[in-house]
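Heads up: the structure comes next, in structure tokens.
Residues: numbered from 1 along the sequence shown.
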Amino acid sequence: MATNAVLISLCSFAVLILAYFTYGRFLARRIFRLDPNRPTPAHTKQDGVDYVPTKIPVLFGHHFASIAGLGPILGPAIAVIWGWGPAVLWVVCGCIFMGAVHDLGALTVSLRYQGRSIGDVCSDLIGHRARFLFLLIIFFLMSLAMGAFVNAISALFVKFHPGAIIPSFGLMLVAMCIGIAVYRLRVGLGPATVVGLIAFGGLIYWGVQQPLPTYQWFASDATQQLLTESRNAGADVDHGSIAAAQVLQESGHESAAADLTAAATTASRTWIYVLLGYGFIASVLPVWLLLQPRDYINSFQLYLALALLVAGLTVAAVTGSDFNVIDAAMIRDDPQMGAPPMVPFLFVTIACGAVSGFHSLVSSGTTVRQLDRETDALPIGFGAMLTEGALAILVIMACVAGLGSQAWEAGGAYASWGGIGKGGLGVQLDAVIHGGANFLSEVGVSERFGQAFLAVTIVAFAMTTLDSATRLLRFNVEEIFRSIKLEPLANRYFASLIAVGGIALFAQPQGAALWVLFGTTNQLLAGLTLLTVSLFLFKLRRPIIYTLIPMGMMLVMTAWAMAIQLKGFYRDEQWLLFGVSVVVVLMTTWLVIEAILSFCRGRGGLSIAHDDEDPHDDQSEVVSATHLG
């Protein structure tokens, strides 16, 4: 049955906004007791490198860019294979009652422990063994995820969208200029933002007009000559190695196509090294110089993309366009499509956009060290998660309405699990890019430019996740060294080197297969974070039902999904995947047992100054302290 896509989207947005002004404020005031007068780590430990007090708009941009990345795009783009109804319901409900609570809770706990990460805090809440276990789980998850991200970004640069290279790397120079202008030259944030956005817009236009087909640099002279001839004849050979190789094959040059494919593989490996080097540099530079202004400027691109998608969807509804009509099934449970069971895999496929353990690392890693006031945690922790949920809703609509019914018919991308679930990163992103570009066409944006703009947006956000995550992994490595009494090794340069080495390990071809574990391990981390937050509230004699129920659901769903995966790995003799899964399960089980023992020791036992006081006499104080401007 045809369904109105804009109506579903707007209703979802309304629920998310209502949740911020009701449930979010309730949690901030009554449960976490955020106090605008309590000094934050950004002030008490200010060092100009990691601890830097930051205004809400700038920090919101950094935080949102860091937690968004590819997560809220890839997950929903896959999960709609089970129907758009369960996907929308999980995004809205999961985002409000799990994801936003998870992010705000992790940020608050870290605030109370002077900027220590959620893994490090386990030492005080659960015990030293739990701290070490948590840090190891985090190191595995971060290295695995970022290794896969490095592979994904290099593939996007080489195989699909080389037009994203110039704006992605040009933004680094723009960001550093903004950082120097604002923090050193005392230029106003408004003028710096305007100049930065104009420069970034120019970079995007430049990248679209002049893509960098780096795969051609590694091809033989004969192949390059054929590409030049094809280009002069009007063929598109500069927008991805896959399309270029197809042009050569269609013209009968099979050997040249094979040579170009091999050259693309070499180019991808080269980009992996470049990205690892970038990750190291971004990890050791002061946060105000690159990471923070880059994410801030980049967030405006996503705001623009969100606004254009909503506008296009609205115009489609007003004009009666087919792009406003959902022809896909609301619930799809057809064994013939070959997908794994919706329960529990829907809950681990859509992670970012509903709830994600990675967010706890951002909240308690970089964001907490830049929070100007405690009450800023509500718009940044709770609000950014709801904004990510809105992005996930638009991705769902792009796939089920923007693509059209042909995507769901025989031969379409969503005809079977093999088409979208196992089709690779390019297939999934391509569905979002094409569906979203159709929405943009409703407001006068050409299809080609719309696809290019969305591709640049996606690649740019993958880059922001990479640099933020490398920095977070550096913090994690430092804490591991401190936990085993190797303080001299806990410096930012050596720790960054170890962090990049861990990412490089999983960026190798054999590590790419481990990506299938990311969904379950990420949600497992979310459950463990909610367990830590619940224990924190329990020790302070606060209500824990708001974190305990989400925790129980996430641990059950992830354990269920991992059990099914283990069975499949064993059956298919995938011993590496089987072994890694077993290790993660054992460490998690041990950590949960340690937490249960801490619960059994009873309430109390925490000595956090003034934390038992309720700083708010009325609701208006929280409202005035949590504005977005």
Would you say Ser363's side chain and Leu107's backbone share a donor-acceptor pair under 3.5 angstrom? no
For Asn298, which residues count as a side-chain hydrogen bond (donor to acceptor under 3.5 Å, both in side chains) partner, sequence neighbours excluded? none
Would you say the side-chain atoms of Tyr215 pair up with the backbone N or O of Gly240, donor to acceptor, closer than 3.5 Å? yes
Verify, without hydrogens or angle tests, whether Arg294 (side chain) and Leu171 (backbone) share a donor-acceptor contact under 3.5 angstrom. no
Modelled atom types, side-chain donor and acceptor of His359 and Glu388, under 3.5 Å: yes
With the side chain counted from C-beta on, respond yes when Val432 and Leu454 share a heavy-atom pair under 4.5 Å apart, and no when they do not. no
Residues 546-565 vs ring-ring contact (aromatic ring centres under 6.0 Å, His included), sequence neighbours excluded, gives Phe26-Tyr546
Backbone N or O of Val355 within a donor-acceptor pair of the Gln523 side chain at under 3.5 Å? yes
Tell me which donor-acceptor pairs under 3.5 Å the side chains of residues 60-79 have, and how far apart each pair is, sequence neighbours excluded?
residue : atom : partner : partner atom : Å
His62   : ND1  : Asp295  : OD2          : 2.7
His62   : NE2  : Thr366  : OG1          : 3.0
His63   : ND1  : Thr367  : OG1          : 2.8
Ser66   : OG   : His62   : O            : 2.8
Ser66   : OG   : Asp295  : OD2          : 3.1
Ser66   : OG   : Ser468  : OG           : 2.8

Is the Trp417 to Trp82 ring centre distance short of 6.0 Å? yes
Student check: side-chain heavy atoms of Ile153 and Ile272 closer than 4.5 Å: no
If you look at every heavy atom in Pro211 and His239, which pair is closest and at what distance? CG-NE2, 3.8 Å
For Ser168, what residues pass the side-chain hydrogen bond (donor to acceptor under 3.5 Å, both in side chains) criterion, not counting sequence neighbours? none
Within a strict 4.5 Å, meaning less than it, do heavy atoms of the Ile165 and Trp271 side chains meet? yes
Heavy-atom closest contact (Met146 atom, Ala469 atom, distance): SD-CB, 3.2 Å
Contact check, side chains of Phe134 and Thr529, non-hydrogen atoms, under 4.5 Å: yes
Classify the ring geometry of Tyr20 against Phe382: parallel below 30°, tilted from 30° to 60°, perpendicular beyond 60°. tilted
Report the residues that fulfil side-chain hydrogen bond (donor to acceptor under 3.5 Å, both in side chains) with Asn438, sequence neighbours left out, ordered by chain and then residue number. none
Counterpart residues, ring pair (Phe, Tyr, Trp, His ring centres under 6.0 Å), relative to Phe578 (two or more places apart): Tyr570
Under 3.5 Å: donor-acceptor pair, side chain of Ser360, backbone of Gly357: yes
Just by distance, do the side chain of Ser321 and the backbone of Ala317 share a donor-acceptor pair under 3.5 Å? no
Phe439 vs Val445 side-chain heavy atoms within contact, under 4.5 Å: no
Do side-chain atoms of Asn151 reach the backbone of Ala507 as a donor and acceptor pair under 3.5 angstrom? yes
Tell me yes or no: between the side chains of Asn522 and Ser356, is some donor less than 3.5 Å from an acceptor? yes
Geometric class of the Phe300/Tyr303 ring pair [parallel <30°, tilted 30-60°, perpendicular >60°]: perpendicular
Donor-acceptor pair, side chain of Asn324 and main chain of Val6, under 3.5 angstrom: yes
Any sub-3.5 Å donor-acceptor pair from Trp90's side-chain atoms to Ile350's backbone N or O? yes
